[in-house]
Amino acid sequence: MQGAGDPDYDRFLIADPDGWVVYDTADELVGLPIDAEQQEGGAPIVVDGNAVGTLWATTGDLSGHSELERRFLDAVDRALLWAVLLVAVASLVAAAFLSRQLVAPLHKLTAAAEAMAEGDLSQRVVVRTRDEVGELAQAFNNMAGDLQAAQVQRRQMTADIAHELRNPLSIIRGNLEAVLDGVYPQDTEHLSPIYEETMLLQRLVEDLRLLSLADAGQLQLIRTDVNVSELLNGVAESARAAADDKGVDLRVDSPPDALYVEGDVDRLRQVIGNLVSNALCYTPRDGTIALRARQAEHLIRIAVTDTGQGIAPADLSHVFDRFYRSDNARDRASGGSGLGLAIARAWVEAHGGEIEVESTVGKGSTFQITLPRT
């Protein structure tokens, strides 16, 4: 056998008669055929006179690659290894950067939320992106703004309630002290102001109770089918005497066909009556107040329009706020508590409707109520 016993030959292969390698000490060619050049010089393996295979002893490279090819493949392997390492390092750097970009805003949000929990509602987070984190930061800022506005409104309302209570209580106390000291006699003339201020306090307390029920979503309605034309005519007749005394033309304009809404007739009469009373306060003599009803698809629109002094643009967005007054639209001297329109809105929303206002200074205002049609 060629190479047998030569110490330079350290690799042995055995192939079957067809040239397929069945044994290779280097485990490279097992299961692969040996080409004609590689088969030269092999020693046949004969059993009972039959050639059953071939044996080779060699140190050569039977993979078919030249020295240049092996160097090229080694270079490619090294390049791939470096590429993998560089990609891994770049991925780690990018992951660290993105993680910092994501975690830093969340840390700021957490710090701002903790500050808010301690009572500092002025906290805001700078929004620098438009992704999900940016949307979260914007939602946080909106929430913080709403909470701060609610806090300011609550403090203002507390101050307003204290002011509304102080005036009638001062009058009641002053008159009672005068009666008890004998300065005023106990007659109708001096007891009537006490009674009137007591009724004012009672109305204020009832208004506050209604608003607290509205905030809790617990306003109770006795729903029936309400004829809108009859409702407007009833409110107009109740206010007719006051309108005539002031010289104001009070009109009702509703379609001949009956329009119905499902609602509490007493509460709806209270809402429209409140709007008419406000209109009478600010409509001059020879002015006009019109009550109108119209159908719009599945809705009923009720409007109370006056030719009064109007509401300034800066006050329009606040006319339904509690205790809100402006020099032009609502004055303390009118005797109102500043809760009438807030209560009107609460009752309208309890009916599933909306109330809006449009106004032009010097020309008048229109309050429009939209209710679902039966």
Side-chain angles (χ1 to χ4, degrees), residues 207 210-211 214 219 221 226-240 242-243 246 248-255 259 261 263-284 287-297 299-331 334-373:
D207 289 347
L210 287 176
L211 289 174
L219 287 177
L221 299 176
V226 180
N227 187 313
V228 176
S229 296
E230 293 180 359
L231 174 66
L232 297 184
N233 284 315
V235 172
E237 287 304 315
S238 298
R240 184 76 62 188
K246 196 171 181 181
V248 174
D249 183 13
L250 181 58
R251 306 174 182 176
V252 177
D253 178 13
S254 60
L259 301 178
V261 295
D264 189 317
V265 62
D266 292 331
R267 297 309 181 186
L268 292 176
R269 184 180 292 113
Q270 177 185 353
V271 170
I272 300 173
N274 180 282
L275 297 179
V276 172
S277 296
N278 282 352
L280 282 172
C281 289
Y282 306 113
T283 302
T288 301
I289 298 176
L291 281 66
R292 296 185 177 87
R294 293 289 183 271
Q295 176 183 348
E297 296 181 352
L299 302 173
I300 300 297
R301 301 189 188 280
I302 301 172
V304 178
T305 302
D306 63 65
T307 57
Q309 63 191 40
I311 304 172
D315 299 319
L316 277 178
S317 60
H318 300 287
V319 294
F320 296 106
D321 293 349
R322 301 171 187 184
F323 295 108
Y324 183 81
R325 293 181 177 88
S326 67
D327 292 337
N328 294 327
R330 293 155 68 177
D331 195 308
S334 65
S337 65
L339 296 175
L341 291 178
I343 293 174
R345 180 174 63 178
W347 283 121
V348 171
E349 291 177 350
H351 282 80
E354 296 179 352
I355 183 169
E356 302 171 319
V357 59
E358 295 180 356
S359 183
T360 301
V361 175
K363 294 184 178 181
S365 306
T366 297
F367 285 83
Q368 180 171 271
I369 300 170
T370 303
L371 298 172
R373 185 183 179 187

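Glu230 CD to Asn227 CG: the interatomic distance, rounded to the nearest 0.5 Å, is 4.0 Å. One distance of note links CG of Leu221 with NE2 of His351; it measures 4.5 Å at 0.5 Å rounding. Interatomic distance, Leu291 CG to Ser229 OG, rounded to the nearest 0.5 Å: 11.0 Å. To the nearest 0.5 Å, the span separating CZ on Arg294 from CG on Leu299 amounts to 15.0 Å. To the nearest 0.5 angstrom, Arg301 atom CZ is 4.5 Å from Thr370 atom OG1. With rounding to the nearest 0.5 angstrom, the CG atom of Leu371 is 11.5 Å from the CG atom of Leu259.
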Residue pair Ile369, Leu268: steps toward the side-chain contact (heavy atoms from CB on, under 4.5 Å) verdict: CA-CA 10 Å; Ile369 300 170; Leu268 292 176; 5.9 Å; no
From CA spacing to verdict: side-chain contact (heavy atoms from CB on, under 4.5 Å), Trp347, Leu210: CA-CA 9 Å; Trp347 283 121; Leu210 287 176; 3.8 Å; yes
Verdict with supporting geometry, Asp306 and Leu280, side-chain contact (heavy atoms from CB on, under 4.5 Å): CA-CA 8 Å; Asp306 63 65; Leu280 282 172; over 6 Å; no
Test side-chain contact (heavy atoms from CB on, under 4.5 Å) applied to Gln295 and Ile300, step by step: CA-CA 5 Å; Gln295 176 183 348; Ile300 300 297; 4.1 Å; yes
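Distance alone, capped at 3.5 Å, places no donor-acceptor pair between the Thr288 side chain and the Thr307 backbone. In this structure, the side chain of Lys246 engages the main chain of Thr283 through a donor-acceptor pair within 3.5 Å. A distance-only check finds no donor-acceptor pair linking the side chain of Gln270 to the backbone of Ile272 [under 3.5 Å].
The shortest non-hydrogen separation linking Ala293 to Leu232 is CB-CD1, 3.8 Å. Taking each heavy atom of Pro372 and Val261 in turn, the nearest pair found is O-CG1, 3.6 Å. The nearest pair of heavy atoms linking Ala346 to Leu219 is O-CD1, 3.8 Å. Val319 approaches Leu341 most closely through the heavy-atom pair O-CD1, 3.4 Å. Across every non-hydrogen atom of Val252 and Ala236, the tightest pair is CG2-CB, 3.5 Å. Across all their heavy atoms, Val276 and Ala239 have their closest contact at CG1-CB, 3.9 Å.
Ion pairing of Arg251 with Asp253 is absent here, as no side-chain N (NZ or NE/NH1/NH2) approaches a carboxylate O to less than 4.0 Å.
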Which side-chain N or O atoms in residues 353-366 pair as donor and acceptor under 3.5 Å with protein atoms at least two apart or in another chain?
residue	atom	partner	partner atom	Å
Ser359	OG	Ile311	N	2.7
Ser359	OG	Gly364	O	3.2
Ser359	OG	Ser365	OG	2.7
Thr366	OG1	Thr305	OG1	3.1

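With contacts defined as side-chain heavy-atom distances shorter than 4.5 Å, the pair Asn274/Ile343 does not qualify.
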